[in-house]
Amino acid sequence: MIRLNVFFTLKDEVSLDEVKAITDELVAKSRLDEGNKGYDLYQSTTNPRVMMFCETWESQEALDKHSNMPHFTYAVPKLNDMIEDGLHIESLDC
């Protein structure tokens, strides 16, 4: 299995409501993707502008399919416009 921890920091001018409108749908639909074992979004308790997706996939193939799903290809470019310094991804074998 593969675990991804994807960290990002919101730009100052972006509201949490704007981000949640995109991420809530991404999380809900991603949980239904074949091979998904877990998909959650967390907000830092020390800096509310820092967030993290925590994803678990049964295989690289499942992760690759997810990366090409319409909900992913729609949400990630929109999210990239709302964050500083891009997504920081830690990939772990589990």
Hey, could you give me the NZ/CG distance between K29 and N36, rounded to the nearest 0.5 Å? 15.0 Å

For D33 and S30: C-alpha separation, side-chain torsions, deciding distance, then whether side-chain contact (heavy atoms from CB on, under 4.5 Å) applies. CA-CA 5 Å; D33 286 349; S30 296; 4.3 Å; yes

For a side chain to side chain contact (heavy atoms under 4.5 Å, CB included) with V19, tell me which candidate from M51, K11, Q43, K78 qualifies. M51

Look at the side-chain heavy atoms of Ile, Leu, Val, Met, Phe, Trp and Tyr, link any pair under 4.5 Å apart, and say whether V14 and V6 land in one connected group. yes

Let me confirm one number: the CG-CZ distance from L16 to R49, rounded to the nearest 0.5 Å. 8.0 Å

In this structure, are over 12 heavy atoms from other groups packed under 6.0 Å from E34 atom CD? no

Can you tell which of R31, M52, E55 makes a side chain to side chain contact (heavy atoms under 4.5 Å, CB included) with D40? R31

Do you know the tightest heavy-atom contact between A62 and G35? CB-CA, 3.8 Å

For the CD atom on E13, are there more than 12 heavy atoms of other groups (residues, nucleotides or ligands in this structure) within a distance under 6.0 Å? yes

Which atom names give the shortest non-hydrogen contact between S91 and I2, and what distance separates them? OG-CG2, 3.8 Å

For V27 and F53, what are the C-alpha separation, side-chain angles and deciding distance, and is it a side-chain contact (heavy atoms from CB on, under 4.5 Å)? CA-CA 9 Å; V27 168; F53 287 109; 3.9 Å; yes

One should read off an interatomic distance between M1 CE and W57 CH2, to the nearest 0.5 angstrom, of 12.5 Å

Is the CD atom of E18 crowded by more than 12 outside heavy atoms at less than 6.0 Å? yes

Walk me through whether L63 and L4 qualify under side-chain contact (heavy atoms from CB on, under 4.5 Å). CA-CA 10 Å; L63 178 56; L4 294 182; 3.7 Å; yes

Measure the spacing between CZ of F7 and CD1 of I83 and express it to the nearest 0.5 Å. 13.0 Å

When rounded to the nearest 0.5 Å, the distance separating CD1 of I22 from OH of Y74 is 6.0 Å

Taking the inter-plane angle between the rings of H71 and H66 on a 0 to 90° scale, is it parallel (under 30°), tilted (30 to 60°) or perpendicular (over 60°)? tilted

Quick check: is I89 connected to Y42 through a chain of hydrophobic side chains (ILVMFWY, heavy atoms under 4.5 Å apart)? no

I'd like to check L92 versus C94 (side-chain heavy atoms, cut-off strictly below 4.5 Å). Are they in contact? no

Pair R3-T56, side chain to side chain donor-acceptor pair (under 3.5 Å): steps then yes or no: CA-CA 4 Å; R3 164 69 56 89; T56 305; 2.8 Å; yes

Under the side-chain contact (heavy atoms from CB on, under 4.5 Å) criterion, do L79 and T23 qualify, and how do the steps go? CA-CA 8 Å; L79 190 58; T23 57; 4.3 Å; yes

How long is the span from the CG atom in D17 to the CG atom in D24, to the nearest 0.5 Å? 10.0 Å

